[in-house]
There are 2 protein chains.
Amino acid sequence: MQNSFTEENYLKIIHALSGRDGGEVSTNALAESTATRAASVTDMLRKLAEKGLINYKKYQGVTLTEQGEKVAIKVIRKHRLWEVFLVEKLGFGWDEVHDIAEELEHIPSEILVEKLDNFLGHPRFDPHGDPIPDAKGNLTEPDYKVLTDVHVGEKVRMMGVLDHAPSFLQHLDRSGIKLGSVIEVKEINEYDKSASVQIDGGQSLFISLEVSKNLLVQRR
Amino acid sequence: MQNSFTEENYLKIIHALSGRDGGEVSTNALAESTATRAASVTDMLRKLAEKGLINYKKYQGVTLTEQGEKVAIKVIRKHRLWEVFLVEKLGFGWDEVHDIAEELEHIPSEILVEKLDNFLGHPRFDPHGDPIPDAKGNLTEPDYKVLTDVHVGEKVRMMGVLDHAPSFLQHLDRSGIKLGSVIEVKEINEYDKSASVQIDGGQSLFISLEVSKNLLVQRR
DNA sequence: AAAAAAATTTAGGCTAGGCTAAATTTTTTA
DNA sequence: TAAAAAATTTAGCCTAGCCTAAATTTTTTT
Ligand SMILES: [Mn+2]
Ligand SMILES: [Mn+2]
Ligand SMILES: [Mn+2]
Ligand SMILES: [Mn+2]
């Protein structure tokens, strides 16, 4: 049977909150992420467990079953492919596409997804640097580090963001930081952990700890 | 306030059933088109009237208000633009796109529609020959005639279909009839009104009355 | 112009997915 | 380790969109 829009959202959120270790997700965390109340979450968890999509024991938190994981990954695949479409083909900014993709990800047709993937040239990453699961459902999270873990003097490449909020992405735009940018850490301020960095060998600027915490980078 | 998926479908269907004269649409006709029961339709009509989207007096049938017409035309615009995208960009057949567009037409963002329209090069017609409303909401139905009204000896151009069912479209594919094809009526069988026609000056074939009734054509 | 038939609306219910308030269980703190 | 706090579940309600059965209105036939 088909899963509803709402069920798909729960599964996707459980996947995200579960992290790469697939740990238990709490009712309250889900209530927060779905912008509903804990009581409503409990109702839905019972339904998802009934359908075999999650492992749920009262008071114990939930994890995805293999089947639930599959569904979640399909939704993530669609979300990220649509984001690529919106940015690459329609000319949206990376700060504008999340909400629209949030709707498009629930359009059913398998064949649509595969034709879209083909049209886009089988992209591996979405506009925020997040990996796109392949048609078989394989999702490999590259292990990037956070900019706060980079030492003074190191040069790294910007590979993704942890925060997807438009305001954060726009802040990066104004700072001239984008996917692929080379970031050299020149200095770290002892007092507030802000960093002085140079972008692509050009402009130098200060980055707050808050920003550093949300930048995913890779040693080169 | 935003209109729901269901409300949008009602408005679109009322628009279609209302025809170019904007005549009253009956409860039963809506029940048939929405695949629901008359009682359910009545409920929804009261809600749409409440919102000022339709003119509704008990037992009298409904028409769209100006506001309702606007909403309906926006949905139609989205539906047809997405169909163009699916056929032109993703390579779907014209027989495969209706159901998918039926979902895509409810994705909200105005800006998405305009960017999509731009990406597609502002198409005037969808893959079935139906006119696409412009961004301002102008929808002009070209006045094509039905193939049954064409006399023997006339040559006409195929411009659209009345039936959008996949089986009908596939039948046309097998017959080599597509948008733009030139159809010359060679003979009309007195008994069953089937026609003998020649397509694009090449292949000759028989067309049943049922098919003729659903082909929109234009004198050249 | 009745009477019969058809169309439509009303009444009363159901499910999905929400909510608040109260009860229960688990976790933390003293 | 008992009490307090936090987390979670249960109970009871609500709205959107459906449904069936019964009542009402309109239309068609006699
Ligand atoms: Mn996103
Ligand atoms: Mn993304
Ligand atoms: Mn269609
Ligand atoms: Mn169409």
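Computed from heavy atoms alone, side chains included, the values below leave out hydrogens, waters and symmetry copies. In what follows, every chain begins at residue 1, and chains take the letters A, B, ... in the order their sequences are listed.
Nucleotide C:dG18 holds its C1' atom 14 Å from the CG atom of A:N9, rounded to whole Å. A straight line from CG of A:D43 to P of D:dC13 spans 15 Å, rounded to a whole angstrom. Between the CG atom of A:L45 and the C1' atom of D:dA7 there is a distance of 13 Å, given to the nearest Å. Atom P of nucleotide C:dT8 and atom NZ of B:K57 are separated by 15 Å, given to the nearest angstrom. Look at CG on B:L30: it is 14 Å from P on C:dA7, rounded to the nearest Å. Look at NE2 on A:H106: it is 16 Å from C1' on C:dA16, rounded to the nearest Å. Residue A:R46 contributes atom CZ, which lies 15 Å from atom P of D:dT8 at whole-angstrom precision. Atom-to-atom, CD of A:E50 to C1' of C:dT15 comes out at 15 Å; the value is rounded to the nearest Å.
A donor-acceptor contact closer than 3.5 angstrom is absent between the side chains of B:N28 and B:S26. A:H164 and A:D95 form no side-chain donor-acceptor contact under 3.5 Å, judged by distance and modelled atom types alone. No side-chain donor from either of A:T65 and A:N55 sits under 3.5 Å from a side-chain acceptor of the other.
The aromatic rings of A:F119 and A:F85 lie tilted to each other, with the angle between the two planes from 30° to 60°.
Nucleic acid contact class of B:T42 (heavy atoms, under 4.0 Å, all strands): base. At the heavy-atom level, A:Y56 lies under 4.0 Å from the strands shown only through sugar-phosphate atoms. At the heavy-atom level, B:S40 lies under 4.0 Å from base atoms of the strands shown.
You'll find that the side chain of B:A39 is closest to C:dA11, out of C:dA11, C:dT8, D:dT9. Considering only the side chain of B:Y59, D:dT24 comes nearest among D:dT8, D:dT24, C:dG18. In the set D:dT26, C:dT26, C:dG18, D:dT26 carries the atom at the smallest distance from any side-chain atom of B:Q60. For B:T27, the side-chain atoms get nearest to C:dT8 when compared with the rest of D:dT20, D:dC18, C:dT8.
Here A:N28 reaches the OP1 or OP2 of D:dT8: one of its side-chain N or O atoms lies under 4.0 Å away. Within the 4.0 Å cut-off from OP1 or OP2 of C:dT10, at least one side-chain nitrogen or oxygen of B:K58 is found. Listed pair A:R37 / C:dG18 fails the phosphate criterion, with no side-chain N or O lying under 4.0 Å from OP1 or OP2.
Taking the six-membered ring for Trp and the full ring otherwise, the centers of B:H98 and B:H128 sit at least 6.0 Å from each other.
Residues B:A29 and A:E7 each lie close to DNA chain C; by heavy-atom proximity, the contact nearer the 5' end of the strand is made by B:A29.
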